[in-house]
**Q** 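Let me begin by handing over the structure; questions about it come next.
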Protein chains: 2
Amino acid sequence: MNIGDASARSGVSAKMIRYYEQIGLIPQARRTASGYRDYAEADIHMLRFIARARDLGFPVAEITDLLDLWRDTGRRSADVKALAQARVRELRQKIAHLQEMATTLEDLARSCAGNDRPDCPILRSLEAPPRGGLSKTEDQAQSPTQFNGRIAS
Amino acid sequence: MNIGDASARSGVSAKMIRYYEQIGLIPQARRTASGYRDYAEADIHMLRFIARARDLGFPVAEITDLLDLWRDTGRRSADVKALAQARVRELRQKIAHLQEMATTLEDLARSCAGNDRPDCPILRSLEAPPRGGLSKTEDQAQSPTQFNGRIAS
DNA sequence: TATGGGGCTTCCCACCATGGGAAGGTCAAG
DNA sequence: CTTGACCTTCCCATGGTGGGAAGCCCCATA
């Protein structure tokens with residue numbers, strides 16, 4: 001089976017299949033005499049597994065572990081569950097962050113007249129952030145743990 | 001004022017200040033005789049505006065418009081409000097997407113024993129997605145509108 | 001059999017926002 | 001004048017994904 005068929009049957013674009021191979025997420029595909037990648041049913045199965053895991057928000061790096069567990073018939077289901085739960089926690093964290101941004105913005109928008117006049121609380125708020133107390137240039141160290149950047153987009 | 005001070009006072013890293021200048025979000029900074037960027041109070045003000053807008057989830061591209069409105073004293077507050085609301089809608093959409101992923105994963109995790117046995121509904125689900133009806137290789141066209149990729153991370 | 005069109009290959013570029021780091025110039029304090 | 005902190009530019013990496021070019025390959029139809 002050519003990469004095009006594998007793509008159509010797995011839902012993973014040909015570009016991505018090559019990429020996954022390149023980064024070592026999936027093994028290097030067999031090649032035909034002329035250099036075409038050649039896939040079997042088992043490969044489609046694996047690709048679908050990957051697509052589904054991506055749908056559920058697993059980063060590619062983590063899917064490696066998931067695939068290992070999938071293939072390991074002697075696995076402990078607790079290990080799989082732990083992975084899923086860690087993912088849920090991260091998703092919830094991102095959600096909370098976005099929620100906070102949305103709520104704040106919504107509040108600001110609500111308090112804006114939205115007419116032809118220039119006066120606008122949104123812009124005023126952008127000028128002078130309402131964040132508690134950070135001004136002395138020192139205290140913005142705020143743990144470089146999870147939120148390095150701003151939006152989790 | 002050097003870029004380091006501007007950074008400390010605005011909360012925007014020096015790296016980012018240079019980047020914003022490079023992509024044209026902020027004007028090119030004045031330079032001292034020796035080539036150092038030199039900032040004034042007004043620049044700090046602008047950088048803080050940008051930082052705050054990023055905090056609220058505005059993509060850099062959109063901040064250009066925001067800055068234009070900010071500087072335009074003859075603006076209509078309705079224009080600002082529209083921008084904010086569009087952003088809120090996008091945030092809500094991302095939230096909904098993440099929420100769905102989290103819920104699904106959580107359901108799966110709940111139904112997984114999480115013990116030493118290998119049997120695991122999570123992996124089973126990854127093998128065979130529970131999505132309504134997509135199997136015949138044709139129907140996965142699913143409108144390439146907003147969700148080009150999977151996770152909105 | 002020749003030709004054309006569609007599929008395959010690799011390679012590079014772009015996104016978005018951010019950080020890391022190297023190589024080299026500058027400034028201010030000691 | 002030396003030293004160390006700062007500045008400059010330039011390149012690279014991230015994470016997934018798509019776009020596209022240049023050049024083979026394969027098959028069907030004329």
Side-chain angles (χ1 to χ4, degrees), chain A residues 1-26 28-39 47 50-51 53-64 90 94 97 101 137 140-142 144-153, chain B residues 1-26 28-39 47 50-51 53-64 87 90 94 97 101 142 144-153:
Chain A
M1 201 176 359
N2 278 347
I3 199 172
D5 308 291
S7 168
R9 306 230 293 134
S10 68
V12 179
S13 76
K15 278 278 196 198
M16 281 302 100
I17 295 176
R18 294 195 196 98
Y19 172 71
Y20 291 154
E21 177 181 321
Q22 188 202 316
I23 63 172
L25 177 61
I26 58 178
Q28 299 218 285
R30 274 177 309 286
R31 300 296 186 117
T32 64
S34 58
Y36 282 23
R37 284 176 182 78
D38 185 39
Y39 298 94
L47 287 170
I50 293 169
R54 296 285 302 121
D55 278 342
L56 288 176
F58 284 92
V60 169
E62 223 155 298
I63 299 183
T64 309
E90 217 176 80
K94 276 186 190 168
H97 187 207
M101 297 193 297
T137 69
Q140 26 70 291
Q142 54 134 225
T145 318
Q146 192 69 251
F147 290 127
N148 44 2
R150 263 89 193 174
I151 181 178
S153 95
Chain B
M1 197 175 5
N2 279 345
I3 199 171
D5 307 291
S7 169
R9 306 230 292 135
S10 67
V12 180
S13 76
K15 279 279 195 196
M16 281 301 101
I17 295 177
R18 295 194 195 98
Y19 171 71
Y20 292 154
E21 176 180 321
Q22 188 203 316
I23 63 171
L25 177 61
I26 58 179
Q28 300 219 285
R30 273 176 309 285
R31 299 297 185 116
T32 65
S34 58
Y36 281 23
R37 285 177 183 78
D38 186 39
Y39 298 93
L47 286 171
I50 292 169
R54 294 287 300 120
D55 277 343
L56 288 175
F58 284 92
V60 168
E62 224 156 297
I63 298 183
T64 310
R87 197 90 326 263
E90 217 176 78
K94 275 186 191 170
H97 187 206
M101 297 193 298
Q142 54 138 220
T145 319
Q146 191 70 253
F147 291 125
N148 43 3
R150 260 96 187 172
I151 182 177
S153 96

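Quick note on labels: first sequence line is chain A, next is B, and so on, each numbered from 1.
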**Q** Would you kindly give the CD1-to-C1' distance between A:I17 and D:dG16, to the nearest whole Å?
**A** 15 Å
**Q** Could you state the CD-C1' distance from B:E62 to C:dC15, rounded to the nearest angstrom?
**A**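 Going from CD in B:E62 over to C1' in C:dC15 covers 16 Å.
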**Q** Could you work out, with side-chain hydrogen bond (donor to acceptor under 3.5 Å, both in side chains) as the rule, every residue matching B:T32, not counting sequence neighbours?
**A** B:S34
**Q** Could you please name the option among D:dG18, C:dG19, C:dA17 that lies closest to any side-chain atom of A:M16?
**A**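 Within the option list, the nearest is D:dG18.
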**Q** Rounded to the nearest Å, what distance is computed from the CD1 atom of residue A:I23 to the C1' atom of nucleotide D:dA13?
**A**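 Distance, rounded to whole Å: 14 Å.
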**Q** On a heavy-atom basis, which atom in B:S10 and which in B:A51 lie closest, and how many Å separate them?
**A**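 Of all heavy-atom pairs spanning B:S10 and B:A51, the closest is O-CB, 4.1 Å.
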**Q** Indicate the atoms forming the closest heavy-atom contact of B:S7 with B:S13, along with that distance.
**A** OG-CA, 3.6 Å
**Q** Give me the bend of the helix from C:dT1-D:dA30 to C:dG30-D:dC1, using the axes of the five pairs at each end, rounded to 10°.
**A**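 The two end axes of the helix from C:dT1-D:dA30 to C:dG30-D:dC1 meet at 30°.
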**Q** Does D:dT17 have OP1 or OP2 under 4.0 Å away from a side-chain N or O of A:Y20?
**A** yes
**Q** Grab the CZ-P distance between B:F58 and C:dC16 for me, whole Å please.
**A** 17 Å
**Q** Could you encode protein contacts along nucleotides 5-11 of chain D as a string, one character per nucleotide from 5' to 3', using B for base contact, S for sugar-phosphate-only contact and - for no contact, with a heavy-atom cut-off of under 4.0 Å?
**A** -BSBBB-
**Q** Side-chain contact, heavy-atom cut-off 4.5 Å: B:R54 with B:V60?
**A** yes
**Q** Quick one: pull up OG1 in B:T64 and CG in B:L25 and give me the separation to the nearest 0.5 Å.
**A**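 Interatomic distance, B:T64 OG1 to B:L25 CG, rounded to 0.5 Å: 5.0 Å.
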**Q** Could I get the full list of side chain to side chain contact (heavy atoms under 4.5 Å, CB included) partners for A:Y39, not counting sequence neighbours?
**A**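 So A:Y39 forms a side chain to side chain contact (heavy atoms under 4.5 Å, CB included) with A:M1, A:I3, A:A6, A:I17, A:E21, A:A29, A:R37, A:D43.
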**Q** Could you state the atom-to-atom distance from OH of B:Y19 to P of D:dT14 in whole Å?
**A** 18 Å
**Q** Please determine whether a side-chain nitrogen or oxygen atom of A:R54 lies at a distance below 4.0 Å from atom OP1 or OP2 of D:dG15.
**A** no
**Q** Looking at CG of B:L47 and CE of B:M16, how far apart are the two atoms once the value is rounded to the nearest 0.5 Å?
**A**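 Rounded to the nearest 0.5 Å, the CG-CE separation comes out at 12.0 Å.
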**Q** For B:E62, which residues count as a salt bridge (charged side-chain N to carboxylate O under 4.0 Å, His left out) partner, sequence neighbours excluded?
**A** B:R87
**Q** Measure the CZ-CD1 distance between A:F58 and A:I63 for me, rounded to the nearest 0.5 Å.
**A** 8.0 Å
